[in-house]
Amino acid sequence: MKKIEKRTVTCLALTLFLLLGLALFLVRFLLDGGDWASFAANRHLYNSQGQLSVGRVLDRDGDVLSWVDESGQRCYYSNATVRKATLHAVGDPNGAIGTGALVAFADQLSGYNLLTGADNPFGQGNDLYLTLDARLNYIAYQALNGRKGTVGVYNYKTGEILCMVSAPSFDPAAPPEIQDGDPRYEGVYLNRFLSSTFTPGSVFKTVTLTAALEQLPDLFQRTFTCTGSTVVGGETITCPFAHGEMDINDAFASSCNGVFAQLADELGAETIAQYAKQAGLLDRYSVSGISTAAGSVALEGATSAQLGWAGVGQYHDLVNPCALMVWMGGVANGGKAAVPYLVLKTEGGFPLPASHITRRTGRLIQADTAQVLADMMSQNVVLTYGADRFPNMDLCAKSGTAEVGGGKQPSSWFTGFLRDQDFPYAFAVVVEEGGSGAGAAGNVAAQVLDALVNGY
Ligand SMILES: [Zn+2]
């Protein structure tokens, strides 16, 4: 009897083991099947040069950005500037840009599905529609005017990314020979919007201000005096000029480093880090499955002065432009924003294409704080940036001029959102070595927003 019992137990254990293995395979098959099928060595889907030889990439209004001709060659849109402006979204023929659709969405382009594998009934792959408007990308790329940087705009209610440009770029229809270390092509294979982090400079004051609004009950009763430099923790924090006497509204509108460094020091490292985290600036987002770069604030062991600089977006602060854009969307949308996405739909597949389900972020900011912050960002436009530069827009914004060191000119930032049910857009713009944030990046934002709101 004992023997039979023992054998039964062994048999059960083996059965369990087999079932576990099968379950593991099924889970991996469901999660990774698309990647297996669209693996670059699959000759069924890739031509002799290793280019994805099935599927078309289109923008939101059906402009065909990339397709495959009869000989299996990958082709791109007729206008060279559009090709450069959409390079990082579409991808290059050699697959060097890993976040481009030709690589990141290869399974959706190939028409892979669980029932038929990579065999598409039409043999042509799928039509993959991006959420982008190629025309907006064109306008943003032109506005960057040869400078490095990135522009992103999205609908904070639906999550659709309408504009996503990264520069430098190149023409995917005639990829250049790029030597290592060529400064013209620094980081060219990187989508700066999704995959880079930058020193934020004063756009980070939106975070320090949020913490101050919630943690310092007498904030609006305080007055501050700036003589052009302020001593925090025994070190001097400088402003471009003396801002004079002001309340917190003026301090934010004139972006006084002295005031925000003092506030950061008073709030403490833990609080600043906690609010940066809550704002979503330290986390990664999954944008149609592409993971964004995580930002950071390294405040462990920081002195008062270092904390002060961190509070104005310097020191070791790093921010990803996409995460900053979503943070702005959160402020605009009462505390929670839609998570951005890039794939509007795929057509031609079997079974029927699935429609996108909008996901929301966690709470990035309390609703009443968001209201106050939005009002103050609206004041910035009126008092500092010039409302006439942004016609027909209820714009809330913050500029940043981030010192990056290394003998480089500052990075220019402009970020914010429209308070408008018809145009619920948040944006982030970086112009590397652009100098003044409100100037260089502000002008790029103005051109893109103008096209969105007032038509092109
Ligand atoms: Zn100042």
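Counting convention: from 1, in listed order, for ligands and their atoms alike.
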Sub-6.0 Å ring centroid separation between Tyr385 and Phe414:
yes
Is a side-chain N or O of Ser296 found less than 3.5 angstrom from the main chain of Ala298, in a donor-acceptor match?
no
Indicate yes or no: at least one non-hydrogen side-chain atom of [X] is less than 4.5 angstrom from one of [Y].
X: Pro200; Y: Val203; answer: yes
X: Ile248; Y: Phe260; answer: yes
X: Phe252; Y: Thr206; answer: yes

Protein N, O or S within less than 2.8 Å of the Zn ion (ligand 1), waters excluded:
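Hits for the Zn ion (ligand 1) below 2.8 Å: Cys226 SG, Cys239 SG, His243 ND1, Cys256 SG.
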Side chain to side chain donor-acceptor pair (under 3.5 Å) partners of Arg135, counting only residues at least two apart:
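So Arg135 forms no side chain to side chain donor-acceptor pair (under 3.5 Å) with any residue.
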